[in-house]
Amino acid sequence: MFCYQCEQTAQTDQGAGCASQRGNCGKDEQTSDLQDLLIHAVKGIAQVATAARSLGVSDPAADAFILKAMFSTLTNVNFNPARFTRMIADAAVLRENLKAAVAQAASARGDAAPAWAGPAAWVIPEEVGELLAQAECAAIRAGEDQVGADIIGLRALVLYGLKGVCAYAYHALMLGQSSQEVYAGIEQALDFLANEPADVQSLLDMALTVGTINLSVMALLDAGNTGSFGTPEPSQVRISPVAGKAILVSGHDMADLKVLLDQTAGQGINIYTHGEMLPAHSYPALKAYPHLVGNYGGAWQDQQKDFAEFPGAILMTSNCLIEPGPRYRQRIFTTGPVGWPGLRHLEDHAFAPVIQAAKALPGFAADAEEKTITIGFGRDAVLSVADTVIEAVKGGAIRHFFLVGGCDGADSGRNYYTDFVEQTPQDTIVLTLGCNKYRFNTLELGSIGGIPRLLDMGQCNDSYSAIQVASALAKAFDCGVNDLPLSLVVSWFEQKAAAVLLTLLALGLKGIRLGPTLPAFITPTVLQMLVDAFDIKPIGTPEGDLAAILQTAAE
């Protein structure tokens, strides 16, 4: 195996990348190779789907499959090799069905069927051993000897950004939001990769195209969330337990949470969110459930401790799973794209087993001392006080805005974000989103003219809200977004963060500070390209970065 798609990537004297029998995320060599092969198969579907669209043919089943299959290969999502073997077999069927539809449509026009090449022509073996024997040709670094590490890194940037796009699009689809334009764009980008591009500018252009697609996807997901659950509003969330039976819901999927809330209504079970599910408490339709009682624990990397100490059942949705420990392995359930060998996986919102487990477990014996945090500062909440914000900026009460957000992680160096926020001056505002906020969301930063200095805007995909706020402020100040008193300090971990970063770059945002380490697939040459084009800056020290930002803003 070889994998370097996330920040957990091994760093050795031989270079960066997990290349042993087990990656740092916990996936084994077989699972890693099967993920590469699944992506190869998905590229083949995309090649055929792109040709089909040119003939007026589309396949909703293939569109949805691409999203879920790509999502399943994200970091910390699915570790079950049997699931990947089945998906590869499903990919073969979908691709051949699409080929038949293309041949029929071409024949109706009097044309010959296309001659397929690359992944579209791959004869997919049914036997696992034969599949794995072909893994090397589907590996992320296949062809590096011919094209070099820079091209492979740029291909990886496009692919990993696409993985994030597909994950967000899957979330949107679960909320009833879809777009043929988005699906066509995803398939065209995968088709582009299937042809093994080796031109630097074409790859950079495609990376920005992926960012543009992701903006549309985040708009879909925003519409799905607000359409299903209402507009987020500032809300107090309890972060200490209450007495009673309990289920903890982690991951990102609000649709799964809503169904579980419905299924547990009136059954005497309290529901807690964990990690990126925290923003659920700001949606009116979700916080209306009296048994959605609070948030428990911290970010995804704390789950082994959090889950072990939680005295109830656990439902893991969408992503951010770590190998379950023995203290909770028998009471954690997966759903959606998530999987781990031996865990009970629940399909089609059939959550009865997790509810039964919660009833059999002790739950919390007593209320803990009440502690709360405030969340729910989405774009509507922020823009509702835009006039106050603008006057505060013009009057000097607010000197600068910092967007400090992104993915959290376990590696050293992430205390930077805590220290950075703690040291922001009292006349500045901190916006945050993503699980990185757990580094500082319990800090007491005070307020400016009634506006809290720390504004939690939601999940990582709520970057869309931040973009809308920035665009509205730029319009109000009659300037470009890059001219606002706004600095982005971003932490990355996995492929959703890569998609968001590409969106910010596609929008022309410059001067982003990125950390705590830079992606291993970004070679020094490619990094210099991004620095030259977008002034991307690796994070330094909190003190140094703050001083540099505020000095530049004052000039």
Side-chain angles (χ1 to χ4, degrees), residues 164 168 171-172 214-215 217-226 229-237 239 252 254 273 275-284 286-287 295 299 372-386 388-389 398 400-408 417 420-421 424 428-443 445 447-448 450-474 481 484-493 496-497 499-501 503-504 507 509 512-513:
Y168 286 139
H171 286 309
N214 191 54
L215 181 63
V217 170
M218 288 194 296
L220 283 176
L221 183 50
D222 179 84
N225 280 328
T226 56
F229 313 126
T231 300
E233 55 192 27
S235 306
Q236 292 284 316
V237 181
I239 57 172
H252 291 67
M254 299 292 181
T273 57
E276 282 271 60
M277 296 301 292
L278 169 62
H281 297 271
S282 67
Y283 287 100
L286 295 177
K287 71 178 188 176
N295 190 75
T372 63
I373 56 174
T374 305
I375 66 167
F377 294 97
R379 68 176 184 278
D380 292 278
V382 175
L383 293 178
S384 70
V385 294
T388 303
V389 171
I398 297 177
H400 205 78
F401 297 88
F402 299 98
L403 175 60
V404 185
C407 306
D408 204 1
Y417 298 95
F420 185 97
V421 170
T424 53
T428 62
I429 298 285
V430 178
L431 308 171
T432 188
L433 42 78
C435 60
N436 173 258
K437 62 174 164 272
Y438 282 103
R439 292 280 166 175
F440 47 80
N441 68 343
T442 57
L443 297 177
L445 298 185
S447 61
I448 301 174
I451 300 170
R453 286 194 55 233
L454 178 61
L455 301 176
D456 183 351
M457 303 191 76
Q459 290 183 324
C460 54
N461 57 279
D462 288 313
S463 302
Y464 182 76
S465 268
I467 290 167
Q468 299 307 309
V469 168
S471 299
L473 290 176
V481 172
L484 287 170
L486 169 67
S487 299
L488 279 67
V489 184
V490 177
S491 62
W492 88 282
F493 178 78
K496 285 182 174 179
V500 173
L501 177 62
T503 297
L504 297 176
L507 290 168
L509 273 73
I512 298 170
R513 280 175 163 78

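What you are looking at is a predicted structure, and each value in this text was computed from that prediction instead of being measured.
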When you compare the side chain of [Y] with that of [X], does any pair of heavy atoms fall below 4.5 Å?
{"X": "Lys437", "Y": "Val404", "answer": "no"}
{"X": "Leu488", "Y": "Leu486", "answer": "yes"}
{"X": "Ser282", "Y": "Phe377", "answer": "no"}
{"X": "Ile398", "Y": "Thr428", "answer": "no"}
{"X": "Val481", "Y": "Leu509", "answer": "yes"}

What is the distance from atom [atom1] of [X] to atom [atom2] of [Y], rounded to the nearest 0.5 Å?
{"X": "Asn225", "Y": "Asn461", "atom1": "CG", "atom2": "CG", "result": "6.5 Å"}
{"X": "Asn441", "Y": "Asn436", "atom1": "CG", "atom2": "CG", "result": "10.0 Å"}
{"X": "Ser487", "Y": "Leu431", "atom1": "OG", "atom2": "CG", "result": "11.0 Å"}
{"X": "Thr424", "Y": "Phe402", "atom1": "OG1", "atom2": "CZ", "result": "6.5 Å"}
{"X": "Asn214", "Y": "Tyr168", "atom1": "CG", "atom2": "OH", "result": "6.5 Å"}
{"X": "Cys460", "Y": "Phe493", "atom1": "SG", "atom2": "CZ", "result": "12.5 Å"}

Checking the side chain of [X] only, and the main-chain atoms of [Y] only, is there a donor and an acceptor separated by less than 3.5 Å?
{"X": "Gln459", "Y": "Glu276", "value": "yes"}
{"X": "Arg453", "Y": "Val430", "value": "no"}
{"X": "Glu233", "Y": "Ala381", "value": "no"}
{"X": "Lys287", "Y": "Pro284", "value": "no"}
{"X": "Tyr417", "Y": "Tyr438", "value": "no"}
{"X": "Ser491", "Y": "Cys407", "value": "yes"}

- What do the steps show when you test Thr503 against Ile467 for side chain to side chain contact (heavy atoms under 4.5 Å, CB included), and what is the final call? CA-CA 10 Å; Thr503 297; Ile467 290 167; 4.1 Å; yes
- Message: Under the rule for side chain to side chain donor-acceptor pair (under 3.5 Å), what residues qualify as partners of Thr432, not counting sequence neighbours?
- Response: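 With neighbours one apart ignored, the set is empty.
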- Item | Those residues that, when tested against Thr442, pass side chain to side chain contact (heavy atoms under 4.5 Å, CB included) (two or more places apart) |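 For Thr442, the residues satisfying side chain to side chain contact (heavy atoms under 4.5 Å, CB included) (neighbours in sequence not counted) are Ile239, Ile373.
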- Message: Which residues pass the side chain to side chain contact (heavy atoms under 4.5 Å, CB included) test with Thr273, not counting sequence neighbours?
- Response: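 Expected list: Leu257, Met277, Ala280, His281, Leu292, Asn295.
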- Task: Kindly indicate, with the supporting measurements, whether the criterion side chain to side chain contact (heavy atoms under 4.5 Å, CB included) is fulfilled by Ile429 and Ile448.
- Result: CA-CA 8 Å; Ile429 298 285; Ile448 301 174; 3.9 Å; yes
- Should Asp222 and Arg379 count as an ion pair when the cut-off is N to O under 4.0 Å?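 So Asp222 pairs with Arg379 through a salt bridge.
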- For the residue pair Ala172 and Leu221, what are the closest heavy atoms and their distance?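 Distance-wise, the nearest heavy atoms are N-CD1, 3.7 Å.
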- Task: Apply ring pair (Phe, Tyr, Trp, His ring centres under 6.0 Å) to Phe420 and Phe440, showing your working.
- Result: CA-CA 9 Å; Phe420 185 97; Phe440 47 80; 9.1 Å; no
- Step by step, work out the side chain to side chain contact (heavy atoms under 4.5 Å, CB included) result for Val389 and Leu383. CA-CA 9 Å; Val389 171; Leu383 293 178; over 6 Å; no
- Met254 vs Leu286, side chain to side chain contact (heavy atoms under 4.5 Å, CB included): CA-CA, chis, key distance, verdict: CA-CA 9 Å; Met254 299 292 181; Leu286 295 177; 4.1 Å; yes
